[in-house]
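This report concerns only the one structure given below.
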Amino acid sequence: MNPANPSEPSLRTPIPAGYYAYALISIGSAFLTVTDLHRSVYSVLSSASLPESVASAVAGILNLVWHEFAFLVGSGLKSVHIFVILPFLSAVLSCVSGILLLLQKRIGLKLVLLNLLIGSGVALASLTVHVARGADDTWRTISTSTFLFTTLLWFLYFRYETRKFSSGKHI
Amino acid sequence: MTTRDTVSRRNFFRKILGSALVAGIAGKQSPLEAIAQIRPSAASLPSRVLGKTGHRVSLLSLGGQATLEEEGRDDDAVAIINRAIDLGVNYLDTAPRYGPSEIYLGSVLKTRRKEVFLASKTHDRTYDGSMRLLEKSLKRLQTDHLDLWQLHNVRTQDDIDFIFAREGAIHALEKAREQGAVRYLGITGHRDPIVLRNGIERYPFDTILMALNAAEKHEASFIDQLLPAAVERKMGIIAMKVVARGKIFHERGLSTMEQAVRYVLTLPVSTALIGISTLKELEENVRIARDFRPYTTEDMANLEALTGSYFADATWYKQLW
């Protein structure tokens, strides 16, 4: 039971390392996306002399591709509003779910699953648009695919955690 | 021959001999060998000012299409680029979308960069995507800057909206100019003159690359709906689709390259951009530009009238892309 609110069950303490990792990526990427500092990460990756494929994969794993998704989905639907707003919506959802996860709120786990589900859907839609247009930007192809793959892994991980939680093994 | 011609020719030979002697004295080759390597003067092709950039560009420019966009044509492409520069063509245009064109140009420009005004483009509508394209273009062109970076093939109002949105490509253009990676900014298109006019009303681009030819007068005309607005803004105006990949020629219409090129050069443009397939073609185009005399208003109207029966075919580029 959550001592602050007896009606809401809390997650187990200590928090699993995976939760910390996810929260860090979610909150960090939200901050970088909203402030456009994701470009500084791109610059660091470029200056590290990594091959483009590795750099774009790292960008995908670190969740720094929402501007790409916003363009692909937005242009696919011919909506400049989606292009402008999508990165902010994703940042808000990622940030809130990351914080609630760290605060051990049960709703946090559900929000994480929702965030991952939306993320996979958007990534899949983006990849479809990108491939339909000829996939002429390797960065986009790799970062989007890596994001999709990573998001699905995170989804399986949190789904497993949720089941553990529901079956009481977690409390 | 005038006195002025004589003097400038004398100076020209003095320069050649002087350079040859210096090279010869340097000990690596004889003066005659050095003369053989000196390229013909680039001043022989007439030039015009490229709008507010203030640069003088040759009437004829080299487009990055035709042979330059075909894979496996390294030798032909390099020969065309070198010959074009030798003949006084000083404006070279390319784009990441034109196959190996940037690579071919880069192999020549690594030693001849200062002789040309170099233009490339971004077809991406986002900041990040455009920056990635610029980085690749610079690498392929073997240079540290472009003279002109343009938004490639702006077709619809959606394109304009995306380009000018918060994360749109226009901010990449501005950033690149601020960083010194590009000097001037431009916009290009051949589909809808109204869309391009919206673009230049929204942003003070330095140049515009647009479709111009005698068949353009008949429908959704770049000549009537866009050219005056570009002139009014003192933009550098670069003409493309001069021969519309050969479709401007017709048994009951225009029949010679000279007609097509002279028509376009009579318009208030800075330069006419033409893709080249062979050295012979290049030399013929240079000859036309060198001998250029403007058409009269009546001649222009006659040529436009000649394209009346096949203008839809000749302006195929408005429908396809």
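It should be emphasised that the depicted structure is a prediction, and the values quoted were computed from it without experimental measurement. Only heavy atoms go into these numbers, but all of them, side chains included; no hydrogens, no water, no symmetry mates. Letters go in sequence order (proteins before strands), and every chain restarts at 1.
Between A/Ser56 and the options A/Ile61, A/Leu50, A/Ile142, A/Leu64, a side-chain contact (heavy atoms from CB on, under 4.5 Å) holds for only A/Ile142.
Between A/His67 and A/Phe71, the ring centre distance reaches or exceeds 6.0 Å.
In this structure, A/Trp154 and A/Phe158 have parallel ring planes: the angle between them is below the 30° cut-off, well short of the 60° mark.
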**Request:** Begin from the C-alpha positions of B/Trp316 and B/Asp313 and carry the test side chain to side chain donor-acceptor pair (under 3.5 Å) through to its verdict.
**Result:** CA-CA 5 Å; B/Trp316 52 270; B/Asp313 277 347; over 6 Å; no
**Request:** Give the intermediate values and the outcome of side chain to side chain donor-acceptor pair (under 3.5 Å) for residues B/Glu174 and B/Tyr203.
**Result:** CA-CA 11 Å; B/Glu174 287 185 321; B/Tyr203 190 84; 2.9 Å; yes
Identify all side-chain donor-acceptor contacts of residues 76-90 of chain A below 3.5 Å with residues at least two apart in sequence or on another chain.
unit_1: A/Ser79; atom_1: OG; unit_2: A/His81; atom_2: N; d: 3.4
unit_1: A/Ser79; atom_1: OG; unit_2: A/Ile82; atom_2: N; d: 3.2
unit_1: A/Ser90; atom_1: OG; unit_2: A/Pro87; atom_2: O; d: 3.3

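Taking 4.5 Å as the limit, some side-chain heavy atom of B/Leu133 sits within range of a side-chain heavy atom of B/His123.
In terms of modelled atom types and a separation under 3.5 Å, the side chain of B/Ser221 and the main chain of B/His218 share no donor-acceptor contact.
Among the residues in residues 182-189 of chain B, none has a non-hydrogen atom closer than 4.5 angstrom to a non-hydrogen atom of chain A. Identified by a heavy-atom distance below 4.5 Å to chain A, the contributing residues of residues 156-171 of chain B are B/Asp158, B/Asp161, B/Phe162, B/Ala165, B/Arg166, B/Glu167, B/Gly168, in residue-number order. Near-neighbour residues of residues 101-108 of chain B relative to chain A, defined by a heavy atom under 4.5 Å from a heavy atom of that chain, are none.
No side-chain donor-acceptor contact under 3.5 Å links A/Tyr22 and A/Asn63. A side-chain donor-acceptor contact under 3.5 Å links B/Thr126 and A/Arg140. For B/Arg112 and B/Asn82, the side-chain atoms include at least one donor-acceptor pair closer than 3.5 Å. No hydrogens or angles considered: nothing links the side chains of B/His152 and B/Arg125 as a donor-acceptor pair under 3.5 Å.
The two residues B/Arg233 and B/Lys52 come nearest to each other via the heavy atoms O-NZ, 3.9 Å.
Considering only heavy-atom pairs separated by less than 4.5 Å from chain A, the leading option among B/Met131, B/Glu135, B/Lys136 is B/Lys136.
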